[in-house]
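Everything on this sheet refers to the single structure shown next.
We count ligands from 1, going down the list as the structure has it; atoms in each ligand are counted the same way. Each residue takes its place number in the sequence, starting with 1. None of these values were measured; they are calculated from a predicted model.
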Amino acid sequence: MDLKKISKYLSFILRHQPDSIGLELSDEGWANINELIGKTRKFKLTKELIDTVVASNDKKRFLVSDDGLRIKANQGHSVNVKLELEPMTPPDVLLHGTAERFLDSIFRQGLKKQQRHHVHLSETQKTALSVGARYGKPVLLKVDSKLMHEHGLEFFMTENDVWLVDEVPVEYLTLNV
Ligand code: HQG
């Protein structure tokens, strides 16, 4: 079984369209694993396959609860969930990878969360560049997270080391050339 295919399926269900298979998520985004297995028609999903995908996922996209009964996506949702994250002090600088063709709009409006719950920021160039490359020629934006934080904007860090903010106004952005 193709683990990447299952990972994409889990992302789709747990972040975006649980109702496409009649699944309900808790307020915090948890799904009951047995229910998820029972409602999956696309392929034969098993607890073992889910555990393998969760453990081997390159970005630790999913979390299984300590009792092994529930699963959730760590981030990236478009459905409304409360991620239960505490605000944290960010590093002085964070990066956002985007595509060159979005720059005009970004430098007019700032970074907006679009379909997701938050704007996603990374600590490493490598991650930011691969995020940007999904949409075209990748470019790196430097975010003055220290100043944003001093100005009272909140930062959250997910279980898989992605930094989340509501938005990044233009004055905190520079093109990293
Ligand atoms: C851009 C992946 C025009 C923004 C990654 C981005 C990440 C604007 C795109 C996670 C804009 C949104 C999130 C503005 C922002 N005008 N374009 N004002 N403001 N944009 O996919 O950050 O593989 O929703 O630069 O690793 O690319 O799914 O966000 O290019 O962590 O686990 O609008 O998705 O994780 O795209 O990626 P996305 P993102 P997964």
Side-chain angles (χ1 to χ4, degrees), residues 2-18 20 25 28-31 36 49-64 71-85 87-88 90-91 93-145 147-148 151 153-177:
D2 180 353
L3 294 181
K4 192 160 175 191
K5 195 171 113 192
I6 299 173
S7 169
K8 282 192 182 290
Y9 170 77
L10 292 178
S11 285
F12 175 72
I13 298 294
L14 297 174
R15 291 168 167 182
H16 306 301
Q17 295 216 15
S20 68
L25 303 183
E28 294 81 29
W30 291 105
L36 169 65
L49 272 172
I50 290 179
D51 286 341
T52 308
V53 168
V54 172
S56 66
N57 195 263
D58 56 345
K59 282 198 203 156
K60 298 206 201 77
R61 289 182 177 86
F62 312 105
L63 184 68
V64 170
I71 182 171
K72 72 171 184 175
N74 278 324
Q75 39 81 22
H77 299 83
S78 58
V79 289
N80 200 15
V81 297
K82 296 191 202 86
L83 286 180
E84 300 175 297
L85 300 171
M88 284 178 62
V93 174
L94 283 168
L95 300 170
H96 178 85
T98 189
E100 197 178 55
R101 65 193 165 96
F102 296 151
L103 286 178
D104 279 354
S105 166
I106 289 172
F107 278 102
R108 271 199 309 274
Q109 306 174 347
L111 283 173
K112 301 283 183 196
K113 52 194 172 187
Q114 316 288 16
Q115 308 304 316
R116 308 210 193 221
H117 277 196
H118 296 94
V119 171
H120 290 218
L121 305 174
S122 334
E123 289 188 28
T124 68
Q125 287 211 4
K126 186 167 173 270
T127 308
L129 281 173
S130 67
V131 171
R134 296 174 307 149
Y135 293 111
K137 184 168 177 241
V139 284
L140 282 179
L141 293 169
K142 225 159 73 177
V143 175
D144 190 344
S145 32
L147 195 61
M148 277 179 73
H151 289 172
L153 290 132
E154 286 189 325
F155 285 77
F156 304 90
M157 198 177 73
T158 66
E159 302 268 354
N160 57 344
D161 299 335
V162 176
W163 285 90
L164 305 176
V165 288
D166 247 357
E167 63 168 330
V168 182
V170 179
E171 58 265 36
Y172 305 106
L173 286 173
T174 44
L175 191 57
N176 193 37
V177 279

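Nearest non-hydrogen protein atom to atom 28 (O) of ligand 1 is Arg15 NH1, 2.8 Å. The nearest heavy-atom contact from the protein to atom 30 (O) of ligand 1 is Thr98 OG1, 3.2 Å.
Proximity to Tyr135 (heavy-atom distance under 4.0 Å) selects the following atoms of ligand 1: 21 (O), 27 (O), 30 (O), 36 (O), 38 (P). Atoms of ligand 1 lying under 4.0 Å from at least one heavy atom of Arg61, given by number and element, are 23 (O), 32 (O), 40 (P).
Nearest-heavy-atom check against atom 2 (C) of ligand 1 across His120, Glu167, Arg134, His117 picks out Arg134. Nearest-residue assignment for atom 34 (O) of ligand 1 (options Gln109, Arg101, Arg116; heavy-atom criterion): Arg116. Summarising the contacts of atom 35 (O) of ligand 1 with Arg108, Lys60, Lys59, the nearest heavy atom is found in Lys59. Between His96, Gln114, Lys112, it is His96 that holds the heavy atom closest to atom 25 (O) of ligand 1. Considering only non-hydrogen atoms, atom 16 (N) of ligand 1 lies nearest to Ser105 out of Ser105, Gly132, Ser130.
Between the side chain of His96 and the main chain of His120, a donor-acceptor pair closer than 3.5 Å is present. Remark: side-chain polar atoms of Arg15 are paired, donor with acceptor, to backbone N or O of Gln75 under 3.5 angstrom. At least one donor-acceptor pair under 3.5 Å links the side chain of Arg101 to the backbone N or O of Tyr135. Without hydrogens or angle criteria, Arg116 side chain to Lys113 main chain gives no donor-acceptor distance under 3.5 Å.
Side-chain contact annotation: Thr158 with Asn74, donor-acceptor N/O pair under 3.5 Å absent.
Residue contacts with ligand 1: Gly110 is included, with a non-hydrogen atom under 4.0 Å away.
Taking the six-membered ring where the residue is Trp, Phe155 and Trp163 present perpendicular rings, their angle passing 60° and hence far from 30°.
Within the model, atoms NE2 of His151 and CD of Glu171 stand 8.5 Å from one another, a figure rounded to the nearest 0.5 Å. Separation of atoms CG (Leu121) and CG (Leu95) is listed at 8.5 Å; rounding is to 0.5 Å.
Between Lys113 and ligand 1, no N or O atom pair is found at a separation short of 3.5 Å.
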